[in-house]
Amino acid sequence: AGGWWSRTLTVRPADDAEGTYWIRARALVGDQEIEDVARVLVGRPAAPELTVQVEPAQVRLAPGEEGEVVVRLDSAARTAVAARVQLISPWHTWELVPEWDSGAEVPAGDSATVRFRVRVPPGSPDGQWWALVKVAAAGLLHYAEPVVLEVRS
């Protein structure tokens, strides 16, 4: 209690290791896992570490209907990338996207998909609002172009 612990680690890349690596350190503190990430660049990266694509650009639904917003994360990193993905919208539309917060693990040099269900409760009024995908990963923050959420009877 009241103390601390430190450890020095040395990381040596292989000769053909050019790219971006995300080195993750995790510690269990009580019942909570704490993680910190350091990005290590070896040589010059060939592509952005993480790109985000969102489809569709508009979700148009009637009361009682369901749809989805699909987020694709593509990684050029040579290690897995952990990301927090959120679909943010104005407070009075929160019932349209009840599960707005998700995590994703993108494998090295691969992609991952996160799906957000959009559900319009019966009796919902007509209207049009924005929703924004926010992706946070190891100190990088990405906001995608807004998606239009539209309710039409």
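Each residue takes its place number in the sequence, starting with 1. All values below come from the heavy atoms of this structure, side chains included, with hydrogens, waters and symmetry mates left out.
- Atom CZ of residue R84 and atom NZ of residue K134 lie 11.0 Å apart, to the nearest 0.5 angstrom.
- How far CZ of R119 is from CG of L61: 12.0 Å, rounded to the nearest 0.5 Å.
- Residue-environment remark: CH2 (W130) exceeds the threshold of 12 foreign heavy atoms within 6.0 Å.
- Atom CD of E66 has more than 12 heavy atoms from other residues, nucleotides or ligands within 6.0 Å.
- V59 and I88 end up in different hydrophobic clusters when Ile, Leu, Val, Met, Phe, Trp and Tyr side chains are linked at under 4.5 Å.
- In this structure, V133 and P146 have side chains that are not in contact, with every pair of non-hydrogen atoms separated by 4.5 Å or more.
- Taking 4.0 Å as the cut-off between side-chain N and carboxylate O, E105 and R24 count as a salt-bridged pair.
- Counting heavy atoms from C-beta on, the side chains of V71 and V52 come closer than 4.5 Å.
- Of all heavy-atom pairs spanning V120 and P63, the tightest one is CG1-CA, 3.5 Å.
- A donor-acceptor pair under 3.5 Å is absent between the side-chain atoms of D36 and the main chain of A25, judged by distance alone.
- Using a 4.5 Å heavy-atom threshold, the side chains of P125 and V151 count as separate.
- Atom CD of E68 sits about 4.5 Å away from atom CZ of R115, to the nearest 0.5 Å.
- Residue D110 holds its CG atom at 11.0 Å from CG of L73, rounded to the nearest 0.5 Å.
- A 4.5 Å side-chain heavy-atom check between I23 and L9 finds every atom pair outside the cut-off.
- Heavy-atom minimum distance, V85 versus F116: O-CZ, 3.6 Å.
- Taken from CG in D101 to CG in L87, the straight-line distance is 10.5 Å, to the nearest 0.5 Å.
- Residue E145 places its CD atom among 12 or fewer non-hydrogen atoms of other residues, nucleotides or ligands, all under 6.0 Å distant.
- When every heavy atom of P98 is checked against every heavy atom of R117, the shortest pair comes out as CD-O, 4.1 Å.
- Heavy atoms only, all atoms of each residue included: L141 and A136 are closest at CD1-CB, 3.9 Å.
- Between A137 and V81 the shortest heavy-atom distance is CB-CG1, 4.1 Å.
- Rounding to the nearest 0.5 Å gives a distance of 12.5 Å between CZ of R60 and CG of L149.
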(message) As a quick check of understanding, evaluate side-chain contact (heavy atoms from CB on, under 4.5 Å) for W100 and S89, giving each step before the final call.
(response) CA-CA 9 Å; W100 58 274; S89 65; over 6 Å; no
